[in-house]
Structure formats: C-alpha cells, structure tokens
Novice: 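Quick one: this structure, given as structure tokens, is what I'll be asking you about.
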Number of protein chains: 2
Amino acid sequence: MSGQKNISLENIKIACRNCSLVALCLPMELEADDIEKLDAIVKRSRPLHRGDHLFRDDDKFLSIYVVKTGSVKTYAPSEDGGEQVLGFHLPGELIGLDAIEDGSHQCSAKVLETTAICEIPFYHLEELSSNIPSLQHQMYRLLSREIGQDENMLMLLGKRNAEERLAAFLLGLSDRFKRRGFSSSDFYLSMSRHEIGNYLGLAVETISRLFTRFQGDGLLNVKRKHIQLLQKKRLQAIILQEKIDGNERQYP
Amino acid sequence: MSGQKNISLENIKIACRNCSLVALCLPMELEADDIEKLDAIVKRSRPLHRGDHLFRDDDKFLSIYVVKTGSVKTYAPSEDGGEQVLGFHLPGELIGLDAIEDGSHQCSAKVLETTAICEIPFYHLEELSSNIPSLQHQMYRLLSREIGQDENMLMLLGKRNAEERLAAFLLGLSDRFKRRGFSSSDFYLSMSRHEIGNYLGLAVETISRLFTRFQGDGLLNVKRKHIQLLQKKRLQAIILQEKIDGNERQYP
DNA sequence: CGCAATATTGACCACTCTCAATGAGGGTGG
DNA sequence: CCACCCTCATTGAGAGTGGTCAATATTGCG
C-alpha cells in the first residue's frame, strides 16, 4: 500500500484530503452547506502506527471510521489467538458499520502501516442524517454496499479455488487503488502473506506458491510486498472461468 | 421449514401476523402511531409458490421484502446456470437490502415453498424514516445486522471444515426457528441438499454423507427434509473447536 | 405408473493443508 | 557498520479432506 516505500506522497495527500467526505458524499448528492455540517462533526486524529488498534472486538460502538491514508485490517479474533480476517480497508473506505446493530464492535480493527483516520461519531451522524435526507440516503447506500461486498466474498470463498481467489484479490486491490488515484498495476501490499491467506481461506504456503506460479507465468512481478500486475486480462480470465453447477436448469 | 407437512398452522399464523412489522420494529422503539404509518405503506401480496421469483438479478430495486410464512433463497446466478446461494430467509427476515446501493438487485430471490411476502416500497420507507428517527435508527440496525451475518458466514467459509459448517448451519436454523416460535429441534428443511451444499461451499455428496454420519453418531435424526436435533450440545461442541492460527501472538 | 429430480453410497483422485527445513529482510544493540 | 535475531517468505514432501464420477435408491409429480 504505498507508504511502505516513499511513493508519491503528494499524490496521497491530494487523493485523500477530506477522505471522509469523499467516502460519505460520493456519488455526491449533498449541498455544500450540508457537507460543511458533516465536516463539522468529523474528528481528525493523530496518525496511528503499525499494530495499533482502532478498536477491539466488544468495544463500545461510538463512531465509524474512514481511512485517510494507510490501511487497516478488520478481523474476528478468537480466544486462542486465532483470527479470521474480514477485510482490508484502503483510503476512503469505511470501518465499523457492522457494529451499529448491537452497539458494540463485532470485530477488531488493526492498523497495518502508518495510517491516518477520520472518526465520525455515529450518534451525531445519525442525528444529522435525520435532517438531511440525502445524507440518510447515502448512509443506506453505504451500508448496502458493505452487504454487497460481503456477498461477493461469500461467492469467492464458496466457489473459487485458490488460484481464482488470489487473482480476484489482486484485481480487487488494483481496482480500489485505481479508484483512489493510485497505480492500478504497481503497488505495495501492506498485509502479510499470512493475512492474505487468512482472508482468502487459504494457507500461507498456498499464497506463496501461487505468487511464484503467477510470476513464472508472466502474470505479474512480485518481490516481497511489491506487486506489479503485468497481464490483468489473463488474471481476469482466471476469475471468469464459471463453474458449472449442474443444479438448477436455466428456465426453459 | 414447516409448511412442507401440515404443521401447526395456527402457530404459523400467530407468529407471523404482521411479520413485516415484527422485523422492522423489534426490538421495539416505535410509537404506536408510527407503527401504523409503517403499516400503511406495506403491501401484502398473494402467496407465491415453489420456484416463483420475488425478483431477479439486475431487476430494478423498488422494495424490500419480508417473509411472512414459508422460505426464500437468495442467490447470485451466473450465465451458465451455476449459482452461489447467498442465504435462506425464514419468516420475519428481510430480503433485498443489498440492492439499495445501486438501485438494482445484486442477486435473485426464489421461493422454496408456498410463501407469503410483505413488500415495503423502499422509497416510502426511506421517506418515512426521515420523519421518524427511531425508524431510521432501526433501519441502520437492520442493515448493520445483515453485515454482521455476512461476516459470520465469511468466518464459516474461511475457517470451518465440512462438519463444522453443517453443524453451524443446522444450529443456526434451529435458533431462527426458535426465535419465531417454532420448534428448535424438529423442523423441515425447505431447501435441497444441493442448495445447502452450495450455500456452505460443499458438494451435495458431502452434505449427504455428513447427515448420515451425524445420524449414526446420534446427533440427529434425518429423513429427507425432516430434521430432529437430538444432541444440540454436541453439535455446539463441533463448532466450538477453535482453530489455532499461530499467526499473531497474543500481546504479551 | 413411469419418468425425472433428489439423495445416498462407494471408489478414486486432486487440491490444498500440514509439517519441516531453508532463505531473506529488517530491526536492534554492540 | 556488522552480527545477531526474529519474523516473514519460500520451497519441498507427504497426508487428508472433500470433490468428482458413477451407480443405485428413493421420492415426487404428471
């Protein structure tokens, strides 16, 4: 994720100024003064460092968070130290939406590299959205999007083999970087192989082997955390291999 | 899911009258007259029959739906007839929340047995929630809950083996039936083995074998769609086997 | 009653995991 | 600045879970 090496800091600054607003207002439907109101309740905090927690499982839910720069992983910890990585969050993306329901966080959020975060007190946001229908609408959309993304992951874990999962993961990252103005074919992974494997339901060794294979096949270059996607078309092709299910016929 | 055979129809009627309201208002924070307003925008439709679609992938998103009686599966179809089952929806549960984001449905919803549905036009609901803060809050909670449930599934698919998945599935159903006033240990599956397998990321044959094994171990009785859970404790125990991940140490 | 869809069961095999050893960076302290 | 250590990543060999293929019930439905 950038930042690891010194990569176009200007770019990051430009892309991520007011990231919280970008995330909440895009696609934009808010009036200028509504944006100001929203801006007023956002807290900017000092940067966090690798390993810091934004919040932990079971913490009281007070705010949602937007990544400004850097990256965050969310994960469900279990007593014995094991965990399930639930997601990686890049600049502009929201964290904590799963905690609204019962007022406490369902997962932990840990910073993967030096990261700047905006905190948006949910109570204020909720109040504000009561008075600004377009903000309410935007909130519904953001929550809905989260559901859609999780459903995509369900699909990935339910139907895809190791190769397809990693290809989808890399192309997904690529898209998200692109959307935020970073290179879509040359980036740094801020998460370890282990975390990738955990996220994708695969063993570390499988991830490692796949990287080696993909590189051998000329699909990408990988050196540690540095990834260069060379043939995105072919990566796409890997994912697109539809599985025949044989279950339900097409309606004749 | 009940209904298959003639099981306590009275029970169903009692439990499911105004299911849409139950779903939206529980845990209840709405005033009586607000409930009436909500009630006023709900459309009750004639019952649907096995195989009917509530909506299809890419359909324009107009309403969310609440199951009153019966059951529905949502799934992401692919061109070749394959699919990924995303969820099974029992009385009182919502369908369609993932479609808010871009105004069209992300998945298809198909009725598994004779099923009664409430339709709630989303535009009206949104408008109403603008004027009733507690309804807005409830909407946020419902959307958030959906995210939490999907995250649970991610955990299941990422970390659990076949046995654990089926055990979790059955206990999950059991809980949901219980909450709605049905038996938690004796029920009918409205979905096929194939659909269960698809949902859990397993092959039909695996599901079949596991049922046989579970029955042999005295955990349950199964005859086709009829399930009797005999030893829920032991089923719980199957799920609780935490996986050592060995990744991140516990902070010393 | 007979066909089609659904389930069950068995045999075999492959993908991915596990275990184990080695290598490569990155950070710390001397 | 280098040595050392610790974590992370890579690679190999072997094993096991679950998938695939195929044959046989069983059920439901027209």
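Basis for what follows: all heavy atoms, side chains included, without hydrogens, waters or symmetry-related copies. Each chain gets a letter, A, B and so on, in the order its sequence line appears, and its residues count up from 1.
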Novice: Determine: side-chain N/O of B:Lys225 to OP1/OP2 of C:dA7, distance under 4.0 Å, yes or no.
Specialist: yes
Novice: Just jot down the side chain to side chain contact (heavy atoms under 4.5 Å, CB included) partners of B:Val222, sequence neighbours excluded, or say none.
Specialist: B:Arg193, B:Phe211, B:Gln215, B:Leu220, B:Ile227
Novice: Is A:Glu195 salt-bridged to A:Lys110, going by a charged N under 4.0 Å from an acidic O?
Specialist: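 Salt bridge: no.
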Novice: Is it the case that the ring center of A:Tyr199 lies less than 6.0 angstrom away from the ring center of A:Phe88?
Specialist: yes
Novice: Check whether any side-chain heavy atom of A:Asp217 sits under 4.5 Å from a side-chain heavy atom of A:Arg234, and report yes or no.
Specialist: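 The answer is yes, as the side chains (C-beta and beyond) meet within the 4.5 Å cut-off.
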Novice: Using a cut-off of strictly less than 4.0 Å between a heavy atom of the residue and any atom of DNA chain D, enumerate the qualifying residues of residues 202-216 of chain B by number.
Specialist: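 Those residues whose heavy atoms fall under 4.0 Å from DNA chain D, taken from residues 202-216 of chain B in numerical order, are B:Leu202, B:Ala203, B:Glu205, B:Thr206, B:Arg209.
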Novice: For B:Glu195 and C:dA5, give me the distance from atom CD to atom P, rounded to whole Å.
Specialist: 14 Å
Novice: C:dT16 C1' sits how many Å from A:Lys159 NZ, rounded?
Specialist: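 In whole Å, C:dT16 C1' lies 18 Å from A:Lys159 NZ.
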Novice: By side-chain hydrogen bond (donor to acceptor under 3.5 Å, both in side chains), which residues pair with A:Thr115, not counting sequence neighbours?
Specialist: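 Once residues adjacent in sequence are excluded, A:Thr115 has no partner under the side-chain hydrogen bond (donor to acceptor under 3.5 Å, both in side chains) criterion.
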Novice: My understanding is that only residues two or more places apart in sequence, or in another chain, count here; which of them pass side chain to side chain contact (heavy atoms under 4.5 Å, CB included) with A:Arg209?
Specialist: A:Glu205
Novice: In whole angstroms, how far is the P atom of C:dT8 from the NE2 atom of B:His194?
Specialist: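 One finds 14 Å between P of C:dT8 and NE2 of B:His194, rounded.
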Novice: Does anything in residues 165-177 of chain A form a salt bridge (Lys or Arg N to Asp or Glu O under 4.0 Å)? List the pairs, not counting sequence neighbours.
Specialist: A:Glu93-A:Arg176
Novice: For residues A:Gly70 and A:Pro91, report the shortest heavy-atom separation together with the two atoms involved.
Specialist: O-CD, 3.3 Å
Novice: To the nearest 10 degrees, how far apart in direction are the end axes of the helix from C:dC1-D:dG30 to C:dG30-D:dC1, each fit to five base pairs?
Specialist: 40°
Novice: Between B:Lys223 and C:dA7, is there a contact of a side-chain N or O with OP1 or OP2 at under 4.0 Å?
Specialist: no
Novice: Assign A:Gly201 to base, sugar-phosphate, or nothing according to its heavy-atom contacts below 4.0 angstrom with the strands shown.
Specialist: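 A:Gly201: backbone/sugar contact only, no base atoms under 4.0 Å.
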Novice: Between C:dC15 atom C1' and A:Arg160 atom CZ, what is the distance in whole Å?
Specialist: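 About 17 Å, once rounded to whole Å.
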Novice: When the distance from CZ of A:Arg50 to C1' of C:dG25 is rounded to whole Å, what number comes out?
Specialist: 13 Å
Novice: Rounded to the Å, how far apart are B:His49 NE2 and D:dG28 C1'?
Specialist: 17 Å
Novice: Please confirm whether the shortest side-chain N or O distance from B:Arg193 to OP1 or OP2 of C:dT8 is below 4.0 Å.
Specialist: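 Result: yes.
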Novice: For A:Leu157 and C:dC15, what is the distance between atoms CG and C1' respectively, to the nearest whole Å?
Specialist: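 Rounding to the nearest Å, CG of A:Leu157 and C1' of C:dC15 are 16 Å apart.
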Novice: Whole angstroms only, please: what is the CE-P distance between A:Met191 and D:dA9?
Specialist: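 After rounding, the gap between these two atoms is 11 Å.
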Novice: So B:Phe177 and B:Phe187, would you call those rings parallel, tilted or perpendicular, with 30° and 60° as cut-offs?
Specialist: tilted
